[in-house]
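Everything on this sheet refers to the single structure shown next.
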Amino acid sequence: MKIREKTNLDICNDNDLKLAILTNVVEEKTTKNQIRATMQLIAKALCGTLGPYGSTSILEDQGLKHHLVTKDGYDLLTRMTFDNEISRTILDILKSISSSQVSTVGDGSTSAIVVASSLYEAITDPANKEMLSKVASKDIVDMLNYLAEILEEELKKAAKPISEDLHELDTVGAIAVNNDKECGKMVADIYRKIGKYGFITTDAVEQIQKDTVEYKEGIQWKRPYLEDYFAINIPSKKVVHEEPYLFITTEVLTQNHLQLLMDVIGYAARESRPLLIVCCGADQDARTFFKKNRLKHLAMSDRKTPELVFTVVDIDTVTETSKATLRNLALLTGCEIYSPVEHAEHTHPYFLAHQKQFYGKAAKVIVTPKETQVICDTSLIPEEYDVIRKEKEEELLKQINNALSKTDRTMDDEKEIYYLKYEYNSLLGNSAVLHVGGQTLTERMSRERLLEDAVLACRSAINYGTIYGGNLAIPKIIYDKFDYILNLLYTKFNYLPFKTDEEKEKFFTYFLNIFQDAFKQSYRHVLDNSYFNEQEVEDVVNRCIKESVFYNLKTHKYEGMSETGVINSVDTDTQILKACISIIGLLATSNQVVISSYCTLDAIKQ
């Protein structure tokens with residue numbers, strides 16, 4: 001017997017030891033069994049929320065007593081826990097992967113986990129050992145990653161771009177809020193008013209009965225807070241600053257900027273205003289400075305000095321779009337961008353402690369693990385900045401019209417038009433705040449999560465296009481292009497040690513089939529939640545894939561996949577695919593877990 005196949009107890013017996021030596025390294029068999037069981041337990045808890053007939057869950061809040069009733073799988077996932085160290089570790093991994101997905105498309109984390117659980121079960125099932133043991137776990141993961149690349153390209157080809165009137169958003173938004181057509185239309189109408197490049201934020205704090213929309217000016221970019229500790233003690237991981245100052249610099253902050261940073265943070269503290277620092281990056285010395293000052297003031301219970309409420313985000317200055325964002329951010333918040341090169345005459349100590357022109361003002365700043373949003377208010381900034389902005393808008397519009405008037409435009413011309421349009425729309429700063437209504441704070445918080453999903457789903461559809469829903473796109477692509485995908489796998493992994501072509505074909509066919517079957521699992525649960533029996537579920541799924549139709553649970557009719565009104569952002573399917581492969585990639589190659597305590601004797605005997 002190979003040494004890795006022996007348990008700790010076997011090894012102790014082989015060495016004539018009467019007592020077992022306990023370690024904190026969990027045995028391989030126990031590890032795989034517990035990962036599989038944990039994945040199944042999580043999938044079991046989440047799968048009941050899928051589809052229009054999915055059920056809600058009541059989430060207890062022992063602290064503030066803001067109990068939440070929700071159908072959102074990610075909310076449920078974040079509140080789950082286990083009494084076992086291995087299971088808690090697996091759960092933390094899934095939460096980390098899901099948080100990135102949710103902040104991108106607002107949906108799909110439940111489907112990703114359900115699919116991943118099914119796929120992991122198939123890959124590690126002892127019944128499949130004879131077939132899958134011929135290939136190393138690392139090669140299996142490499143095959144999954146390659147298959148994901150193929151399918152991602154096919155999803156892009158199948159996607160339909162959003163039409164100019166954005167009518168698809170009514171459906172995309174409605175599906176994201178449990179098929180509430182009124183809410184879906186409300187979100188779509190907001191986008192129609194602010195345009196494709198506008199952005200929407202939600203707010204559940206105001207005590208109002210009905211949803212209201214407030215149109216603002218603002219700007220956003222795809223960068224989170226510099227470090228996670230800026231969102232410490234915030235369950236939602238969303239940092240919100242009301243009426244903050246902004247300090248914008250083109251510098252990468254280093255040890256040489258510590259006095260400057262003390263001046264900037266101190267200025268905001270004396271004014272009793274929160275602060276957003278926008279920079280082009282920070283080295284370890286600057287990050288340590290930020291962490292020390294932020295956490296120190298969070299820990300102070302008796303504050304005799306002004307509180308240092310600040311968040312740091314970065315933005316690159318390499319691409320034309322990011323340069324435009326930085327320039328427009330300064331204009332919309334009414335401040336100068338600080339540069340030691342351009343302001344060399346003002347480099348003496350404490351200079352920034354008194355220079356108001358370097359401090360912008362905004363109505364609100366929202367920073368999430370994925371992006372930064374600044375909601376602006378022209379009444380807060382000096383009038384001359386508003387005049388400059390309007391002049392710039394006119395100039396950009398003139399440049400766009402001139403560029404569009406060319407009859408023989410080159411690729412460089414098209415690129416210039418894109419950048420001009422981006423800067424123009426960014427400068428318009430079209431944004432909206434959706435104030436969520438409800439009888440109680442608990443109701444408003446629950447509805448806010450759904451409306452946030454709708455906003456993200458609509459934005460994703462605008463950026464990437466739509467595809468038929470139900471997460472059937474991937475199984476359908478595999479069915480339609482089975483031989484094509486099989487040949488790509490043959491070619492890519494021709495080095496695998498199969499004795500005959502027949503053995504190789506059998507393995508890859510089996511592999512592709514279990515992958516396809518795992519991705520059917522999400523829609524199976526949608527149908528199951530609608531009280532179909534097991535045979536009916538399989539009949540519907542197989543008919544949809546083979547006949548290119550989709551079963552609409554609201555009308556109880558089959559519709560053509562190209563005509564169905566059940567659609568979602570194609571990026572939702574892409575993110576489900578990526579999240580699933582990421583989960584499997586981390587877990588399928590793991591043969592043991594190192595925990596913080598010693599394994600029990602019972603665990604060793606397994």
Side-chain angles (χ1 to χ4, degrees), residues 43-44 46-57 69-73 105-112 114-115 118 155 158-160 162-163 167-188 447 450-451 453-454 457-458 461 465-480 516-570 572-573 576:
K44 176 196 170 193
L46 298 182
C47 68
T49 67
L50 286 168
Y53 294 100
S55 56
T56 59
S57 301
V69 180
T70 181
K71 190 173 169 290
D72 188 274
V105 294
D107 198 11
S109 56
T110 298
S111 294
V114 165
V115 171
S118 178
L155 284 169
K160 289 184 175 181
I162 291 288
S163 57
H167 71 267
E168 297 92 345
L169 299 189
D170 293 80
T171 302
V172 172
I175 290 173
V177 286
N178 297 333
N179 291 280
D180 187 325
K181 291 184 178 180
E182 189 176 333
C183 285
K185 185 176 185 304
M186 175 178 65
V187 173
R447 294 191 68 249
L450 288 173
L451 287 167
D453 284 352
C458 287
T466 63
I467 201 166
Y468 45 88
N471 305 131
L472 281 177
I474 288 173
K476 174 63 178 167
I477 289 170
I478 294 174
Y479 177 81
D480 288 343
Q516 183 192 41
D517 190 71
F519 273 85
K520 293 177 183 177
Q521 201 66 15
S522 178
Y523 192 54
R524 285 187 179 121
H525 286 301
V526 170
L527 296 173
D528 186 53
N529 291 338
S530 307
Y531 306 103
F532 283 72
N533 64 42
E534 192 172 343
Q535 186 56 54
E536 288 171 336
V537 167
E538 288 306 307
D539 289 345
V540 171
V541 171
N542 290 330
R543 181 178 173 183
C544 286
I545 291 171
K546 291 177 180 179
E547 298 182 17
S548 297
V549 293
F550 185 84
Y551 188 78
N552 189 331
L553 288 167
K554 302 303 288 184
T555 63
H556 298 287
K557 293 180 180 178
Y558 285 97
E559 302 168 342
M561 281 188 171
S562 58
E563 292 84 32
T564 181
V566 184
I567 57 174
N568 54 250
S569 164
V570 70
T572 299
D573 287 81
I576 289 171

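From a predicted model like this one, the values you see are computed outputs, not experimental measurements.
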Pairing residues for [X] by the salt bridge (charged side-chain N to carboxylate O under 4.0 Å, His left out) criterion, not counting sequence neighbours:
X	result
Glu547	Arg543
Lys185	Asp189
Lys476	Asp480

Run the side chain to side chain donor-acceptor pair (under 3.5 Å) test against [X] and tell me which residues pass, sequence neighbours left out.
X	result
Glu538	Arg524
Thr564	Glu559
Thr466	none

Discussion item. Once salt bridge (charged side-chain N to carboxylate O under 4.0 Å, His left out) is applied, what residue pairs with a partner in residues 169-184 remain, sequence neighbours excluded?
Written reply: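 Applying salt bridge (charged side-chain N to carboxylate O under 4.0 Å, His left out) to every pair that reaches into residues 169-184, excluding sequence neighbours, yields Asp170-Arg192.
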For the pair [X] (side chain) and [Y] (backbone), establish whether a donor and an acceptor sit closer than 3.5 Å, ignoring hydrogens and angles.
X	Y	value
Asn471	Ala112	no
Ser118	Val115	no
Asn529	Leu50	yes

Sequence neighbours left out, what passes side chain to side chain contact (heavy atoms under 4.5 Å, CB included) with [X]? Give chain and number order.
X	value
Leu155	Ile467, Ala473, Ile474, Ile477, Val570, Asp573, Thr574
Ser55	none
Asp539	Gln535
Asn178	Lys71, Leu450

Worksheet item: Could you give the distance from OG (Ser548) to OH (Tyr468), rounded to the nearest 0.5 Å?
Response: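 If we round to the nearest 0.5 Å, Ser548:OG and Tyr468:OH are 7.0 Å apart.
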Discussion item. Return the OG to CD1 distance between Ser569 and Ile162, rounded to the nearest 0.5 Å.
Written reply: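 Taking OG in Ser569 and CD1 in Ile162, the distance rounds to 8.0 Å.
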Discussion item. List the residues meeting ring-ring contact (aromatic ring centres under 6.0 Å, His included) with Tyr551, not counting sequence neighbours, and say none if there are none.
Written reply: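 Per chain and number, Tyr551 pairs via ring-ring contact (aromatic ring centres under 6.0 Å, His included) with Phe532, Tyr558.
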Discussion item. Within the 4.5 Å heavy-atom criterion, are Asn533 and Val537 side-chain neighbours or not?
Written reply: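 When only atoms from C-beta onward are counted, Val537 and Asn533 do not touch, as no gap falls below 4.5 Å.
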Item to complete: Take Val177 and Asp453 through the test side-chain contact (heavy atoms from CB on, under 4.5 Å) and record every step on the way to the result.
Response: CA-CA 7 Å; Val177 286; Asp453 284 352; 5.9 Å; no
